[in-house]
Amino acid sequence: DSGVTQTPKHLITATGQRVTLRCSPRSGDLSVYWYQQSLDQGLQFLIQYYNGEERAKGNILERFSAQQFPDLHSELNLSSLELGDSALYFCASTPAGGYNEQFFGPGTRLTVL
Amino acid sequence: LAKTTQPISMDSYEGQEVNITCSHNNIATNDYITWYQQFPSQGPRFIIQGYKTKVTNEVASLFIPADRKSSTLSLPRVSLSDTAVYYCLVAPGYSSASKIIFGSGTRLSIRP
């Protein structure tokens, strides 16, 4: 158990819909990272937040957005969903801005039908 | 960030030592080398990190030659439970990154 929690574990929705994925980092960790992993693909970095502010951006679509709240939990919002958005979405956290030793959550499996 | 190249897959047997090599020819002076392990449908798990020479912990060793253009993750006496995907990352240590690249990793299969 990494100490990072993600909800929900599974999510099934339809094209065009909007969903919100939630992540709670390890206690005391200030940085949160979001990744997308499609079937048999590597992890694609989406976005990083540090203490409530966006720190780095990766291959995140404009239909996706994220935020980190004062209690440091983070939400990833996915809108206008397409079939290709079906994937595992992982959240990770680190104590500070540095990223090398990230602690990953169990992931949310999103299925868009 | 430095691009990494790893074998797509490797096979071995229980009890053997497994070495997975990662090439990173354009590694920068402030880059660290980090390895992660991922089981199916689980988040990656940090294994080991190094900057130069050799690093060893309770699960693996990391060998980095003087030119740092490659690194080798060594797993001693593997078991079936070591079957997983292994990712090599090269990036600055304690700084934000504009892009974090896990790559495709190496799919390691351990047989009885």
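Just so we're clear, the structure is a prediction, and the values are computed from it rather than from any experiment. By convention in this document, chain letters (A, B, ...) are assigned in the order of the sequence lines, proteins followed by strands, and residues within each chain are numbered from 1.
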Contact listing (chain B partner; residues 1-21 of chain A; heavy atom under 4.5 Å): none

Whether A:Phe104 and A:Tyr35 hold their rings parallel, tilted or perpendicular, with breakpoints at 30° and 60°: tilted

B:Tyr13 OH: over 12 foreign heavy atoms closer than 6.0 Å: no

Contact listing (chain B partner; residues 105-113 of chain A; heavy atom under 4.5 Å): A:Gly105, A:Pro106, A:Arg109

Quiz item: cation-pi between B:Arg45 and B:Phe39, 6.0 Å / 45°: no

Criterion side chain to side chain donor-acceptor pair (under 3.5 Å) on B:Ser70 and B:Ser23, from CA distance to verdict: CA-CA 4 Å; B:Ser70 67; B:Ser23 296; 5.9 Å; no

Residues of residues 62-72 of chain A within contact distance of chain B, non-hydrogen under 4.5 Å: none

Test item: B:Arg107 side-chain N/O and B:Pro7 main-chain N/O as donor-acceptor pair under 3.5 Å: no

Backbone N/O of A:Thr94 and side chain of A:Arg26: donor-acceptor pair under 3.5 Å: no

Main-chain N/O of B:Ile64 paired to B:Ser71 side chain as donor or acceptor, under 3.5 Å: no

Ring geometry between A:Phe45 and A:Tyr33 (parallel below 30°, tilted from 30 to 60°, perpendicular above 60°): tilted

B:Ile8: partners by side chain to side chain contact (heavy atoms under 4.5 Å, CB included), with sequence neighbours left out: none

Reported CD1-to-OG1 distance for the pair B:Ile48 and B:Thr34, which is rounded to 0.5 angstrom: 10.0 Å

Heavy atoms of other groups near B:Lys52 NZ, more than 12 under 6.0 Å: no

A:Leu88, part contacting chain B, at a heavy-atom distance under 4.5 Å: side chain

Gap between atom OG of B:Ser79 and atom CD1 of B:Ile110 - 0.5 Å precision: 8.0 Å

Shared hydrophobic cluster, B:Ile33 / B:Leu108 (ILVMFWY, side-chain heavy atoms < 4.5 Å): yes

